Amino acid sequence: DTGVSQNPRHKITKRGQNVTFRCDPISEHNRLYWYRQTLGQGPEFLTYFQNEAQLEKSRLLSDRFSAERPKGSFSTLEIQRTEQGDSAMYLCASQGGLSPPGANVLTFGAGSRLTVL
Amino acid sequence: SQKIEQNSEALNIQEGKTATLTCNYTNYSPAYLQWYRQDPGRGPVFLLLIRENEKEKRKERLKVTFDTTLKQSLFHITASQPADSATYLCALDPRSGSARQLTFGSGTQLTVLP
């Protein structure tokens, strides 16, 4: 597999339910990012991992959101007690490889679209 | 505060013409400027980046310019084809060592009419 894989691609849930998304990055990439994208907007940073360590979290990531990358490979993003405002595309991206030194080129997955009813 | 704007919500052009997309920014000094393509229901795909000290970069039918005085990048697609129809995102890259600082524009939706 040469790309970033995300599952599920679509999730429809009722308000108050918990949801979990999974991301499998490119295997040789050690940095993994989660972004959120709403309709008509660009991706917004949520959090990122260097190997298994979660190094930074955005203010957008409320207490209901948690992300893990237990073995430095795949990652999960869980949203507890979902709200309608959580409806968005959740994008995973990995970083590594042939970027020019210092540049932050990302390889994105296809995304997981969440609809909260 | 930092602000990034991409021209017009949607751009329609005729096949074969050159599409020109604009990315303007304020209160920012990026080391790189990146361009991504995003198809409906898919994640962005990296196309090109240009360094702060480069004026122009080309890749096949794509050309990017970067004017740090005007704080503007232009993205050109020459000999456009219907398959080029997509949303194009610019992203400011501060060379911070982490993509945490990448700031994306809201994108320009391009439609190439046959």
Side-chain angles (χ1 to χ4, degrees), chain A residues 2-6 9-10 21 23 25-26 29-50 53-61 88-115, chain B residues 1-10 21 23-25 28-54 57 59 64 66 73 86-109:
Chain A
T2 57
V4 177
S5 176
Q6 292 191 245
R9 292 293 318 283
H10 300 94
F21 301 116
C23 172
I26 294 171
H29 288 183
N30 58 7
R31 286 186 175 176
L32 183 150
Y33 298 81
W34 285 100
Y35 283 78
R36 181 173 72 185
Q37 186 176 27
T38 53
L39 198 62
Q41 299 300 313
E44 296 176 294
F45 169 81
L46 292 178
T47 188
Y48 93 95
F49 294 83
Q50 173 108 8
Q54 187 174 17
L55 294 188
E56 197 160 352
K57 294 193 285 188
S58 161
R59 291 173 301 166
L60 293 174
L61 213 65
M89 174 80 90
Y90 290 86
L91 293 163
C92 175
S94 66
Q95 182 186 8
L98 301 177
S99 294
N104 295 298
V105 174
L106 297 178
T107 303
F108 284 89
S112 293
R113 178 165 296 284
L114 173 65
T115 302
Chain B
S1 62
Q2 298 166 0
K3 192 172 181 183
I4 179 170
E5 287 186 347
Q6 295 191 240
N7 70 317
S8 68
E9 201 168 307
L21 285 64
C23 178
N24 293 299
Y25 59 93
Y28 208 94
S29 296
Y32 300 94
L33 195 141
Q34 302 183 26
W35 285 90
Y36 289 77
R37 169 183 171 141
Q38 187 170 24
D39 290 288
R42 310 292 295 182
V45 174
F46 171 74
L47 295 174
L48 275 176
L49 72 79
I50 187 165
R51 291 184 175 85
E52 60 182 337
N53 59 355
E54 292 179 318
K57 196 78 167 284
K59 179 182 176 182
V64 174
F66 195 10
S73 175
T87 296
Y88 291 86
L89 301 163
C90 66
L92 305 180
D93 185 351
R95 194 175 50 202
S96 67
S98 156
R100 184 263 179 272
Q101 299 280 353
L102 271 181
T103 303
F104 285 88
S106 57
T108 298
Q109 185 177 335

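Since the model is a prediction, treat every value here as computed from it, not as a measurement. Order of the sequence lines sets the chain letters (A, B, ...), proteins ahead of strands, with each chain counted from 1.
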Quiz item: Just by modelled atom types, is the A:V105 backbone N or O under 3.5 Å from a matching donor or acceptor in the B:Y32 side chain?
Solution: no
Practice problem: Mind checking the CG-CD spacing from B:L102 to A:E44? Nearest 0.5 Å is all I need. | Solution: 13.5 Å
Quiz item: Rounded to the nearest 0.5 Å, how far does CZ of B:R42 lie from CE of A:M89?
Solution: 8.5 Å
Exercise. Against chain B, label A:Q6 side chain, backbone, both or neither, depending on which of its atoms sit under 4.5 Å from a heavy atom there.
Key: neither
Quiz item: How close do A:Q37 and B:L89 get, heavy atom to heavy atom, and via which atoms?
Solution: NE2-CD1, 4.5 Å
Quiz prompt | Closest non-hydrogen atom pair, A:L91 against B:P44 | solution = CD1-CD, 3.9 Å
